[in-house]
Amino acid sequence: MIYPAIDLQGGSSVRLYQGDFKQETLVSADPIRQARLIREAGIGGLHLVDLDGAKTGQPQNFELVSQIVKVFAGETEIGGGIRNEQTIRRYLKSGVDRVILGSVALKDPEFTKQMLEKFGSRAITIGVDGRDGQVATDGWLNQSTTSMADLIAVMTAAGAKRFIVTDTATDGTLTGPNIELLQGLQQKFPETRIVASGGVGSLDDLRKLNHAGLKDVIVGKAIAAGKVTLEQIAEVNENAG
């Protein structure tokens, strides 16, 4: 499954370069319409990120996300600033299929384990973002000394099955994903679903990821830049299904 991404900041859909909040490109001033177009193209999955929430540590675009979920009427997931049970429940009640726990998975693993036990791996996805194999937190503003593999190992033991892995060095660059990192993690944790995120710039990149064993991919800037079309994504998803 290829999931188009809508990153929300200040009520608009934007793309960042390597996660840098100062290098922002406006994609759409109307994210609801953007979601509707994605659905009309025949795409069944949507990846949402509350960039403001990731930076502040609490959701900032909840109402907008709720409206998008209603319009999209497909499989949706949301990440960014989700750090307590109340927020998880609120999002799931709004119709979101999965919430993504990122920074909190590293900073408060016990809480994350409790949420996995309470809501299950179908509702909780772990976001693992970073550079050079090390995890970054707080909207990628802070780099930790914990390796991605170590975090995935801890969360897998706690029952997590799905991990969105983003190499911040490639995200938003269109220069190609870090296949070595992604493939290595998928091979190390074959019982999990590693979702590739960051760097996709062409259909060829999608083929390479599939060949490397990565079945789920998130695509953002490549769509905005016209490198990959919604129609092409729909076709790939249909063929994969």
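All values reported here derive from a predicted model rather than from experimental measurement. Excluded from the calculations below are hydrogen atoms, water molecules and symmetry mates; all remaining heavy atoms, backbone and side chain alike, are included.
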Query raised in the report: When clusters are formed by joining ILVMFWY residues with side-chain heavy atoms under 4.5 Å apart, either directly or through shared neighbours, do I223 and I164 land in the same one?
Result: no
Query raised in the report: Any side-chain heavy-atom pair from I82 and V104 closer than 4.5 angstrom?
Result: no
Query - Donor-acceptor pair, side chain of Q58 and main chain of R83, under 3.5 angstrom - result: no
Report task. Take atom CD of Q134 as the centre, draw a 6.0 Å sphere, and report whether it contains more than 12 heavy atoms from other residues, nucleotides or ligands. Result -> yes
Query raised in the report: How about L209 and V200: do any of their side-chain heavy atoms sit closer than 4.5 Å?
Result: yes
Query raised in the report: Does E40 CD have over 12 foreign heavy atoms under 6.0 Å away?
Result: yes
Query raised in the report: With side chains defined as the heavy atoms from C-beta onward, is the minimum distance between I124 and I88 less than 4.5 Å?
Result: yes
Report task. Kindly say whether I194 contributes a backbone atom to a donor-acceptor pair with the side chain of Q186 at under 3.5 angstrom? Result -> yes
Query raised in the report: So do V219 and L206 actually touch side chain to side chain, heavy atoms under 4.5 Å?
Result: yes
**Report entry** Side-chain heavy-atom pair S28, R33 within 4.5 angstrom cut-off
**Finding:** no
**Report entry** With V128, the side chain to side chain contact (heavy atoms under 4.5 Å, CB included) member among D167, V195, V135, L106
**Finding:** V135
Report task. Please examine the side chains of H47 and I100, heavy atoms only from C-beta on, and report whether any two atoms are closer than 4.5 Å. Result -> yes
Query - Shortest non-hydrogen contact from L64 toward P31 - result: CD2-CG, 4.1 Å
Requested in this report: Kindly indicate, with the supporting measurements, whether the criterion side chain to side chain contact (heavy atoms under 4.5 Å, CB included) is fulfilled by L92 and R89.
Outcome: CA-CA 5 Å; L92 293 176; R89 287 190 181 280; 5.9 Å; no
Report summary line: Minimal heavy-atom distance between L174 and K221, with the atoms involved, is CD2-C, 3.8 Å
Requested in this report: Check P177 against D205 and note the closest heavy-atom contact, atom names and distance.
Outcome: CD-CG, 3.7 Å
Query raised in the report: With side chains defined as the heavy atoms from C-beta onward, is the minimum distance between I68 and T76 less than 4.5 Å?
Result: no
Query raised in the report: Is there a donor-acceptor pair closer than 3.5 Å between any side-chain N or O of D129 and the backbone N or O of A136?
Result: no
**Report entry** Sub-4.5 Å side-chain heavy-atom contact between Q114 and K118
**Finding:** no
Query raised in the report: Can you name the nearest heavy-atom pair linking L46 to Y3, along with the distance?
Result: N-CD2, 3.7 Å
Query raised in the report: Taking atom NZ of K113 as the centre, does the number of heavy atoms from other residues, nucleotides or ligands within less than 6.0 Å exceed 12?
Result: yes
Requested in this report: Determine which pairs satisfy ring-ring contact (aromatic ring centres under 6.0 Å, His included) with at least one residue from residues 56-81, sequence neighbours left out, and list them in order.
Outcome: F62-Y91
Report task. Show your working on side chain to side chain contact (heavy atoms under 4.5 Å, CB included) between K55 and Q60 and close with a plain yes or no. Result -> CA-CA 10 Å; K55 194 158 55 170; Q60 301 294 315; over 6 Å; no
Query raised in the report: Quick check: does any side chain N or O of T56 sit under 3.5 Å from a backbone N or O of D52, one acting as donor and the other as acceptor?
Result: yes
Could you go through residues 146-160 and list every donor-acceptor pair under 3.5 Å that involves a side-chain atom there, pairing it with any protein atom two or more places apart or in another chain?
unit_1, atom_1, unit_2, atom_2, d
S147, OG, D150, N, 3.0
S147, OG, D150, OD2, 3.2
T156, OG1, I152, O, 2.7

Query raised in the report: With hydrophobic residues grouped by side-chain heavy-atom distances under 4.5 Å, do F163 and I218 end up in a single group?
Result: no
**Report entry** Under-4.0 Å salt bridge between E63 and R90
**Finding:** yes
Report task. Heavy atoms only: give me the nearest R131-A169 pair and the separation to one decimal. Result -> NH1-CB, 3.6 Å
Query raised in the report: Counting distance only, does the side-chain N/O of D50 pair as donor-acceptor with the main-chain N or O of N61 below 3.5 Å?
Result: yes
Query raised in the report: Just by modelled atom types, is the M1 backbone N or O under 3.5 Å from a matching donor or acceptor in the D216 side chain?
Result: yes
Report task. Could you walk me through whether L203 and V236 pass side chain to side chain contact (heavy atoms under 4.5 Å, CB included), step by step? Result -> CA-CA 9 Å; L203 272 180; V236 171; 4.2 Å; yes
Report summary line: Nearest heavy-atom approach of R162 to T125 is NH1-OG1, 3.1 Å
**Report entry** E231 CD: over 12 foreign heavy atoms closer than 6.0 Å
**Finding:** yes
